[in-house]
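Following: one structure in structure tokens, then a few remarks.
Atoms within each ligand, like the ligands themselves, are counted from 1 in listed order. Computed over heavy atoms, backbone and side chain alike; hydrogens, waters and symmetry mates excluded.
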Amino acid sequence: MRSACYLPKLLVYGAAQFAPFEGDALMTDRIIDFLAERRREGRDNGPCLVVDLDVVRDNYLGFARALPDTRVFYAVKANPAPEVLSLLASLGSCFDTASVVEIEQALAAGASADRISYGNTIKKERDVARAFEMGIRLFAVDSEAEVEKIARVAPGSKVFCRILCDGSGAEWPLSRKFGCAPEMAGAVLEHAHRLGLNAYGISFHVGSQQTDPRKWDGALQSAATIFRDLAERGINLQMVNLGGGFPTKYLKNVPAVKSYGNAIFRALSKHFGNRIPETIIEPGRGMVGNAGMIEAEVILISQKSKSDTEMRWVYLDIGKFNGLAETMDEMIRYPIRTPVDGSPVAPCVIAGPTCDSVDVLYEKQPYDLPISLEIGAKVLIEGAGAYTTTYSAIGFNGFPPLETFVI
Ligand SMILES: *Cc1c(COP(=O)(O)O)cnc(C)c1O
């Protein structure tokens, strides 16, 4: 039985290859034990994600320590598992939501409506109305048309305007889809003020998996300029929403959350002087990424020709359509551990199980896996707590959505 391969835990999985760093919780014994038990019970018929709530708790407390004067609005889309939301609600977290269903999920987890923002800049008017009925009073906008919807059906609410932000330095940059040019934000907020809304602040997102803590500086400079311009017109903004972007560790080390806190505090002082506004952050990936690990299975290892130089193709039972959508364009490179880590490796192509030819995870930049890896082996995909379950299709090719356990 291969289950024996999981013991003695970290040693077998070659922890030495991945140097630990501050705040790191790459994998936890609790997850390893859970998976071993699942195997013993013969329930390991497909890939699954296991999320360790202790790691989520540590991450929340890490954000609270690194940014002590900032309120945390967890970005629900990263992982809306009810247990994750309930834990965060009990720790005092607020929630950033993007739809009526996410609002309902946050409310069901025990958050009151005054701890929930509707942070999507693209909302149907009837969804804004529904949110207002549920007590939501904080909305994101990036256009005058969106302001008008909110003024009509959510009168008197607070609105913050999202500005465009160059996503350089991020491994998962967010395009120009959200936000307006900083020069336009003043007009959007002035429009809100004129229509009786509370022009409350500015938001931005520096790009997901942002590995450079200095990237908040430019956006904060723009925000401070907008604060000053509007103050001259009699509108006093109060809040800067610093967005998400805090990274989780995949193959490469990332700076600790403390570095982000320090860099953000320096940038706030530099641009706002002694009139630092109220701030909020919206971590998604940084809150849950390292709390989850996927166990998957090698279905096939083959070559496309008999040539010795031909690369191996390793097919897993998980791919782009049942959890690993963020391998799109090979942007997120997950650490993958095998039972034979530490033995000689060779580059290979890694692909998923479905019959869609885009279901290839790593090919342009092949991935080193042990030569002795065998068909049937279980592999562990780390840093998989964010943006996996929610990106999993409901049954493409008959493969079920990614099974999740929260422990
Ligand atoms: C997705 C999202 C986040 C979370 O981003 P991460 O990079 O996962 O931290 C935060 N805010 C908004 C508005 C988002 O859409």
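Residue G245 has at least one nitrogen or oxygen atom sitting less than 3.5 Å from a nitrogen or oxygen atom of ligand 1, judged on distance alone. When only interatomic distances are considered, the shortest N/O to N/O separation between G284 and ligand 1 falls below 3.5 Å.
Put simply, the residue from V340, V314, D341 that forms a side-chain contact (heavy atoms from CB on, under 4.5 Å) with L369 is V314.
Classified by interplanar angle (parallel below 30°, tilted 30° to 60°, perpendicular above 60°), the ring pair F34/F405 is tilted.
At least one test fails for K158 against the ring of F139: distance under 6.0 Å to the centre or angle within 45° of the axis. Annotation: cation-pi geometry satisfied between R137 and F132 (NZ/CZ under 6.0 angstrom from ring centroid, within 45° of ring axis).
Heavy-atom neighbours of R214 CZ from other residues, nucleotides or ligands within 6.0 Å: at or below the threshold of 12. Residue K304 qualifies as enclosed at atom NZ: its count of foreign heavy atoms under 6.0 Å is above 12.
Counting the atoms of ligand 1 from 1 in the order shown, those under 4.0 Å from a heavy atom of Y387 are 1 (C), 4 (C), 5 (O), 6 (P), 8 (O). The atoms of ligand 1 that sit less than 4.0 Å from any heavy atom of G244 are 5 (O), 9 (O), 10 (C). Each of the following atoms of ligand 1 lies closer than 4.0 Å to a heavy atom of P283: 9 (O). Within the listing of ligand 1, atoms 6 (P), 7 (O), 8 (O) sit less than 4.0 angstrom from a heavy atom of S208. Per-residue contacts place A75 under 4.0 angstrom from the following atoms of ligand 1 (heavy atoms of the residue considered): 3 (C), 4 (C), 10 (C). Remark: ligand 1 atoms within the under-4.0 Å shell around heavy atoms of E282 are 3 (C), 4 (C), 9 (O), 10 (C), 11 (N), 12 (C), 13 (C).
Counting heavy atoms closer than 4.0 Å to ligand 1, residue F178 contributes nothing at all. Here D96 has side-chain heavy atoms under 4.0 Å from ligand 1, and that is the only part of it that gets that close. The proximity of Q210 to ligand 1, defined as any non-hydrogen pair under 4.0 Å, does not occur for either the backbone or the side chain.
F396 has its ring centre less than 6.0 Å from the ring centre of F321.
Considering only non-hydrogen atoms, atom 15 (O) of ligand 1 lies nearest to K77 out of R285, K77, Q209, R162.
The minimum heavy-atom distance linking F73 with R115 is given by the pair CE2-O, 4.0 Å.
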